[in-house]
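Right, one structure below, let's go through it.
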Amino acid sequence: METPMKRLAAFALAALVVAPALAQPASIETEAKPLMDQWIAGFNRSDAAGLAKNVYTGADEAALAKMFAQLRDDSFGKLDIYATEFCASDATHGKALLKYGRIFAYGGLMDGDEAKVFNLVKGDAGWRVASESNVPYSTALSC
């Protein structure tokens with residue numbers, strides 16, 4: 001027969017086991033996904049100022065504005081996102097892989113399927129993009 005004391009002991013043991021699991025820090029995917037969503041939205045709006053301020057660390061706003069002007073001249077419409085993946089190197093460094101296509105304003109794929117790797121850093125303001133590079137579409141993310 002189970003006594004109230006045994007039930008209390010079992011409950012206390014379960015709480016000790018479950019509490020550390022609940023206290024684990026959020027994953028990079030959970031924390032950095034809003035950053036990548038903000039990058040996508042800013043890119044689609046050609047928002048060089050917003051991206052420089054809220055997404056990148058030390059971005060060249062003038063270079064971003066020039067890139068967006070060229071994309072508009074080429075009839076860029078929006079990004080079609082296929083997949084986003086994340087991995088962490090440590091608590092303050094990680095990567096995101098974005099697979100996408102750039103769609104013309106009038107429809108159709110601009111340059112085929114594309115991919116980009118973002119090097120992410122976490123600071124007082126949260127996750128930010130430290131650098132990015134275009135990579136082959138077949139790239140697999142590794143940290």
Side-chain angles (χ1 to χ4, degrees), residues 4-143:
M5 196 61 149
K6 284 184 180 178
R7 272 186 262 152
L8 182 59
F11 177 75
L13 180 60
L16 289 173
V17 170
V18 171
L22 295 176
Q24 295 294 324
S27 72
I28 187 173
E29 183 171 1
T30 301
E31 291 183 349
K33 184 168 182 350
L35 174 69
M36 294 312 302
D37 290 344
Q38 189 174 11
W39 183 89
I40 293 163
F43 195 96
N44 283 338
R45 287 191 314 267
S46 300
D47 183 7
L51 289 170
K53 180 181 178 186
N54 301 313
V55 174
Y56 290 101
T57 60
D60 182 347
E61 186 178 335
L64 286 170
K66 183 178 178 181
M67 177 194 66
F68 287 130
Q70 183 177 5
L71 283 169
R72 281 191 304 276
D73 288 347
D74 291 340
S75 297
F76 169 73
K78 67 174 188 159
L79 296 173
D80 185 11
I81 307 303
Y82 308 140
T84 309
E85 297 176 31
F86 299 88
C87 67
S89 308
D90 58 42
T92 59
H93 297 87
K95 293 181 182 181
L97 172 66
L98 185 66
K99 294 189 176 187
Y100 61 94
R102 287 182 287 162
I103 306 298
F104 284 110
Y106 50 83
L109 199 55
M110 289 181 81
D111 294 319
D113 296 332
E114 300 178 70
K116 189 178 287 279
V117 170
F118 298 86
N119 290 307
L120 307 177
V121 294
K122 185 177 182 182
D124 292 340
W127 288 98
R128 294 290 184 260
V129 173
S131 64
E132 65 186 60
S133 57
N134 295 325
V135 296
Y137 187 79
S138 60
T139 297
L141 190 60
S142 65
C143 285

| At their closest point, which heavy atom of Trp39 faces which heavy atom of Tyr56, and how far apart are they? | NE1-OH, 2.8 Å
| said: Less than 4.5 Å apart, side chain to side chain, heavy atoms only: is that true for Asn119 and Glu132? | reply: no
| Point-to-point distance, once rounded to the nearest 0.5 Å, from CG of Leu79 to CZ of Phe43 | 5.0 Å
| request: Hey, could you give me the NZ/CD distance between Lys95 and Glu85, rounded to the nearest 0.5 Å? | output: 12.5 Å
| message | For the NZ atom of Lys122 and the CG atom of Leu35, what is their distance to the nearest 0.5 Å? | response | 12.0 Å
| task | Nearest 0.5 Å please: distance from the OG1 atom of Thr139 over to the NZ atom of Lys99. | result | 6.5 Å
| task | Only counting residues at least two apart or in another chain, list the ones meeting side chain to side chain donor-acceptor pair (under 3.5 Å) with Asn134. | result | Lys116
| remark: Glu114 and Asp111 have their tightest heavy-atom pair at OE2-CB, 3.9 Å
| task | Step by step, work out the side chain to side chain contact (heavy atoms under 4.5 Å, CB included) result for Leu120 and Val129. | result | CA-CA 5 Å; Leu120 307 177; Val129 173; 3.8 Å; yes
| message | Are Ile40 and Tyr100 packed together at the side-chain level, in the sense that at least one heavy-atom pair is separated by less than 4.5 angstrom? | response | no
| message | Rounded at 0.5 Å granularity, tell me how far CG in Leu71 sits from CE in Met110. | response | 5.5 Å
| query | If you measure from CZ on Arg45 to NZ on Lys78, what distance do you get to the nearest 0.5 Å? | reply | 14.5 Å
| query | What are the two closest heavy atoms between Ala52 and Glu61, and how far apart are they? | reply | CB-CB, 4.0 Å
| said: Looking at every heavy atom in both Lys33 and Phe86, which two are closest together, and how far apart are they? | reply: CA-CZ, 3.6 Å
| Are any non-hydrogen side-chain atoms of Val121 and Thr92 less than 4.5 angstrom apart? | no
| query | What closest approach, in Å, do Gly94 and Ile28 show between heavy atoms, and which atom pair accounts for it? | reply | CA-CD1, 3.7 Å
| 4.5 Å side-chain heavy-atom contact, Met36 and Trp127 | no
| said: Give me the atom names and distance for the closest heavy-atom approach of Ala48 to Leu64. | reply: CB-CB, 3.7 Å
| message | Are Ile103 and Leu109 packed together at the side-chain level, in the sense that at least one heavy-atom pair is separated by less than 4.5 angstrom? | response | yes
| request: Determine which pairs satisfy disulfide bond (SG atoms under 2.5 Å apart) with at least one residue from residues 63-118, sequence neighbours left out, and list them in order. | output: Cys87-Cys143
